[in-house]
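Inspection log for the structure reproduced underneath, given as structure tokens.
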Amino acid sequence: MRHSTAHIMAQAVQELYPGTKLGIGPAIENGFYYDFDRLQPFSDAELENIEQRMAQIIKQDLPFRKLEVGKEEAISTFNQKKEAYKLELINELGDTQLSLYQQGDFIDLCRGPHIPSAGKIPAFKLLSVAVAYWRGNENNKMLQRIYGTAQASPAQLKQYLNQLAEAKKRDHRKLGQELDLFSFSPEAGAGLVIYHPKGAILRGIIEDYEKREHIKRGYQPVIGPQLLKLDLWKKSGHYDNYRENMYFTEIEGQKYGIKPMNCLAHMLVYKSKLRSYRELPLRYFELGTVYRHEKSGVLHGLLRVRGFTQDDAHILCTPEQLNAEIVGIIDFVQQVMDTFGFSYTLEISTRPDKSIGSDEDWERATNALINALECKGLAYTINQGDGAFYGPKIDVKLKDAIGRSWQCATIQCDFTLPERFDLCYIGKDGKRHTPVMLHRVILGAMERFIGVLIEHYAGAFPVWLAPVQVKVMSITNEQDDYVHKVANKLLEHDIRVETDTSPEKIGFKIKEARLQKIPYMLIVGAKEKADVTVAVRKRGAGDLGGLEFDVFLQQIKQEINQKVN
RNA sequence: GCCGACGUAGCUCAGUGGUAGAGCAACUGAUUCGUAAUCAGUAGGCCGGGGGUUCAAGUCCCCCCGUCGGCUCCA
């Protein structure tokens with residue numbers, strides 16, 4: 001249906017703007033796009049015209065007709081129409097028999113299938129114009145792309161448009177500013193995050209949680225340097241394969257690379273002494289800050305930055321231990337994602353063109369990953385050629401509260417770097433063996449994860465994560481002393497609290513705390529002060545009435561300890 | 001990096017070549033109030049940076065920085 005809508009859009013465009021040439025027009029998640037070769041970009045007004053023309057075509061209910069033609073006939077058809085891009089596609093297709101689809105006077109090269117007729121499209125809307133390179137190659141001509149959505153019913157279209165609006169409201173860049181979590185500064189540089197106090201608290205809470213979870217699972221914290229000598233990056237293959245993403249510096253004639261990954265230092269820890277098979281597996285964990293020179297155009301709030309901190313670990317183990325280690329990581333991911341209320345799907349990425357290592361190693365590594373997933377009975381899809389340069393990987397795509405998916409966790413299997421670095425252990429047989437290395441992150445990058453979390457919770461963090469958990473406010477300044485008494489009591493129990501003793505009316509104070517999405521407001525007036533109680537107002541639930549202070553304290557402590565979502 | 005749009009007060013935004021504006025926030029004063037905005041006043045600007053056109057530039061042109069929407073790439 002979506003693909004058919006793309007055809008109708010192309011028909012409308014060519015009718016309204018003759019001479020516009022066709023690129024391709026596939027269906028995508030929730031919608032479709034079509035690329036057009038045209039000098040000027042489409043304006044909003046033109047988009048509306050196209051939309052109206054499409055509605056007319058749909059009303060006419062033109063049937064989609066499939067035409068089976070030979071290659072020669074297809075070429076002559078598109079030659080006549082001067083559709084150079086379509087001709088390029090036809091020439092690349094090996095098939096001698098091609099299918100075309102036609103509705104009205106419009107004919108397109110297309111594998112199909114299509115709905116029977118245009119009238120079967122219940123609801124659609126054109127969303128935006130953008131530009132894209134022909135065939136995604138930046139050396140090719142830029143085409144004008146129109147994005148649209150088509151849905152099974154007008155109600156579903158409305159729901160989808162609402163979801164887009166909801167996503168916009170949750171934008172972490174907007175919330176990050178409103179909640180005073182972080183900023184960027186052109187003076188500091190693009191893609192470099194400045195954490196404000198509340199953002200730093202949030203990150204600290206997540207990091208503390210992670211450190212404990214890692215130690216529980218037998219990981220050992222290590223810390224590597226921010227710079228390592230250039231020769232080491234040459235040895236690892238980063239210089240050959242990853243140079244364009246790295247920052248370099250030189251001092252006193254010595255060249256250094258700023259680390260874009262943490263694995264080198266972790267291997268140096270391993271190498272610092274002779275290892276026995278009895279020590280393995282060794283699991284080194286680091287909240288490692290790395291810098292990568294990302295192209296300026298790809299930077300995006302916290303989700304794509306140039307300096308970020310990974311919850312990184314490298315596991316060195318024997319080939320026999322590999323399966324159990326991968327399974328252990330998957331369990332770890334599952335437990336952490338449950339805590340934050342995410343579900344997820346899995347993908348395996350295989351060998352890319354630019355890579356190091358032997359084919360046998362790649363096969364062993366890929367099989368190890370597949371094996372572990374099969375053991376766990378987990379479903380996965382294959383992403384051909386999308387692995388890291390040193391090994392294949394399992395990517396975890398998590399799904400947030402409004403159904404969007406994000407890539408955070410990744411597990412990479414590596415037989416190559418341990419060999420390049422001459423890592424070894426003495427086996428049972430008294431001989432030297434090369435260990436296998438697993439690279440893995442659970443949250444991925446703190447920056448990206450925090451960005452995703454902000455959008456997932458729409459800024460309304462559960463109590464255990466909220467930078468300010470409780471705001472205590474007085475009805476009149478007569479209760480200010482009691483406000484501070486309550487706040488100090490909460491502070492003694494490690495609860496993050498703010499007070500509001502301004503001479504404003506209580507409605508105004510509540511409004512401000514609401515905008516800051518603070519989970520609990522404690523409102524105290526003369527009555528509460530006299531009774532040593534607090535009037536509790538819970539985010540999302542409203543006024544809960546009076547509670548004895550100690551009862552409230554126990555309740556919130558329990559909510560924090562259980563990490564209630 | 002590439003294409004396009006944008007950049008004016010802390011924030012959101014007006015200002016179409018001729019004296020830099022509003023609302024919110026901030027500050028000062030008054031108000032002491034029971035669950036989503038009390039009133040009055042004050043202050044706040046290298047109009048992103050640099051260069052050019054012009055009698056005159058926030059406004060037009062060029063370069064740089066940054067942001068946004070895409071492409072490509074990625075944790």
Side-chain angles (χ1 to χ4, degrees), chain A residues 33 35 40-44 127-147 171 173-174 177-178 180 183-192 242 244-245 260-262 288 290 292-312 349 352 386 388 393 395-396 406-410 412 439-452 473-480 501-515 521-528 535-538 542-546:
Chain A
Y33 66 80
D35 289 340
Q40 326 88 308
F42 292 97
S43 68
D44 288 350
L127 296 174
S128 58
V129 286
V131 289
Y133 301 101
W134 168 238
R135 318 200 78 174
N137 184 328
E138 62 186 313
N139 299 316
N140 287 344
K141 189 160 182 189
M142 302 206 81
L143 305 177
Q144 303 296 329
R145 174 173 294 180
I146 301 179
Y147 283 97
D171 192 313
R173 293 167 297 187
K174 187 166 153 269
Q177 184 183 63
E178 287 170 5
D180 200 12
S183 63
F184 292 92
S185 161
E187 292 169 293
L192 301 170
Y242 207 72
E244 63 276 19
N245 284 299
M261 297 185 192
N262 301 300
V290 297
R292 297 183 184 174
H293 187 271
E294 302 290 350
K295 290 178 177 180
S296 58
V298 307
L299 301 175
H300 184 89
L302 291 181
L303 301 180
R304 193 74 184 272
V305 293
R306 286 184 174 153
F308 56 98
T309 300
Q310 297 178 298
D311 61 333
D312 206 0
S349 295
D386 215 25
K393 58 180 184 170
D395 283 329
V396 180
W406 308 89
Q407 143 100 67
C408 290
T410 174
Q412 305 173 347
H439 308 239
R440 48 105 285 189
V441 290
I442 304 287
L443 304 181
M446 301 308 298
E447 285 71 13
R448 176 177 290 183
F449 189 75
I450 288 170
V452 171
M473 47 190 74
S474 54
I475 296 210
T476 76
N477 293 121
E478 290 294 304
Q479 297 91 40
D480 287 357
T501 52
S502 64
E504 294 291 346
K505 302 208 295 201
I506 196 65
F508 182 84
K509 298 185 189 184
I510 288 168
K511 181 209 80 178
E512 296 215 305
R514 274 182 67 107
L515 290 177
M521 293 179 221
L522 298 184
I523 295 161
V524 299
K527 185 166 158 294
E528 287 76 16
V536 180
R537 189 185 176 97
K538 184 174 180 168
D543 188 357
L544 300 183

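Only this structure's heavy atoms are used, side chains among them; waters, hydrogens and symmetry mates stay out. Chain letters run A, B, ... following the sequence lines, proteins first and then strands; every chain starts at 1.
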- Item | side chain to side chain contact (heavy atoms under 4.5 Å, CB included) assessment of A:N245 paired with A:E294 | CA-CA 6 Å; A:N245 284 299; A:E294 302 290 350; 4.3 Å; yes
- Nucleic acid footprint by protein, nucleotides 65-75 of chain B - heavy-atom cut-off 4.0 Å, B for base, S for sugar-phosphate alone: -SSSSBBBBBB
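- Between B:rG44 and B:rA22, the two P atoms lie 13 Å apart (nearest whole Å).
- Remark: A:D171 engages A:R173 in a salt bridge (Lys or Arg N to Asp or Glu O under 4.0 Å) (not counting sequence neighbours).
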I'd like a table of atom pairs between the protein and nucleotides 28-33 of chain B - only N or O on both sides, under 3.5 Å - with the distance next to each one.
from: B:rU32; atom 1: O2; to: A:N477; atom 2: N; distance (Å): 3.1
from: B:rU32; atom 1: O2; to: A:N477; atom 2: OD1; distance (Å): 3.3
from: B:rU32; atom 1: N3; to: A:N477; atom 2: OD1; distance (Å): 2.3
from: B:rU32; atom 1: O4; to: A:N477; atom 2: OD1; distance (Å): 3.1
from: B:rC33; atom 1: N4; to: A:P503; atom 2: O; distance (Å): 2.3

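- Annotation: the span from A:L303 atom CG to A:I450 atom CD1 amounts to 11.0 Å, rounded to 0.5 Å.
- For the atom pair CD of A:Q310 and CG of A:N262, the computed distance is 5.5 Å after rounding to the nearest 0.5 Å.
- If you take CG on A:D312 and NE2 on A:H439, they are separated by 8.5 Å, rounding to the nearest 0.5 Å.
- For A:V129, the side-chain contact (heavy atoms from CB on, under 4.5 Å) partners at least two apart in sequence or on another chain are A:F42, A:L47, A:I146.
- The shortest distance between the side-chain N/O atoms of A:Q177 and the OP1/OP2 oxygens of B:rU12 is below 4.0 Å.
- B:rU31 sits 48 Å from B:rU67 when the P atoms are compared, rounded to a whole Å.
- B:rU59 and B:rU54 have their C1' atoms separated by 13 Å, given to the nearest Å.
- For A:W406, there are no ring-ring contact (aromatic ring centres under 6.0 Å, His included) partners, not counting sequence neighbours.
- Separating the C1' atom of B:rG15 from that of B:rU8 is a span of 9 Å, rounded to the nearest Å.
- Between the C1' atoms of B:rC24 and B:rC68, the separation comes to 23 Å (whole Å).
- Judged by distance alone, with hydrogens and angles left aside, the side-chain atoms of A:E447 form a donor-acceptor pair with the main-chain N or O of A:T309 at under 3.5 Å.
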Polar atom pairs between nucleotides 41-43 of chain B and protein, under 3.5 Å, N or O only, would you list them?
none

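- Spacing between atom NZ of A:K511 and atom P of B:rC24 amounts to 10 Å, rounded to whole angstrom units.
- For A:S502, the side-chain contact (heavy atoms from CB on, under 4.5 Å) partners are A:D500, A:E504, A:K509, not counting sequence neighbours.
- Remark: A:D480 engages no residue in a salt bridge (Lys or Arg N to Asp or Glu O under 4.0 Å) (not counting sequence neighbours).
- Here the separation of B:rC63 from B:rA25, taken at their P atoms, is 42 Å to the nearest Å.
- Counting non-hydrogen atoms under 4.0 angstrom, A:E528 reaches a base of the nucleic acid.
- Residues satisfying the side-chain contact (heavy atoms from CB on, under 4.5 Å) test with A:Y147, not counting sequence neighbours, are A:I28, A:Y33, A:S128, A:A130, A:R145.
- Nucleic acid contact class of A:K527 (heavy atoms, under 4.0 Å, all strands): base.
- B:rU12 and B:rC73 have their P atoms separated by 33 Å, given to the nearest Å.
- Taking the C1' atom of each, B:rG7 and B:rG45 are spaced 15 Å apart, rounded to whole Å.
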- Item | Intra- and inter-strand pairs of RNA chain B in dot-bracket (Watson-Crick or G-U wobble, both distances under 3.5 Å; | for another strand) | (((((((..((((....[..)))).(((((.......))))).....(((((..]....))))))))))))....
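- With sequence neighbours excluded, no residue forms a salt bridge (Lys or Arg N to Asp or Glu O under 4.0 Å) with A:E512.
- Following rounding to the nearest Å, A:F508 (CZ) and B:rC39 (C1') show an atom-to-atom distance of 13 Å.
- With sequence neighbours excluded, the residues satisfying side-chain contact (heavy atoms from CB on, under 4.5 Å) with A:K538 are A:Y520, A:A541, A:L544, A:E559.
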- Task: Apply the test side chain to side chain contact (heavy atoms under 4.5 Å, CB included) to residues A:R448 and A:R304: give CA-CA distance (whole Å), side-chain angles for both, the deciding distance (0.1 Å), then the verdict.
- Result: CA-CA 7 Å; A:R448 176 177 290 183; A:R304 193 74 184 272; 3.8 Å; yes
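- Atom CG of A:D180 is separated from atom P of B:rA25 by 16 Å (rounded to the nearest Å).
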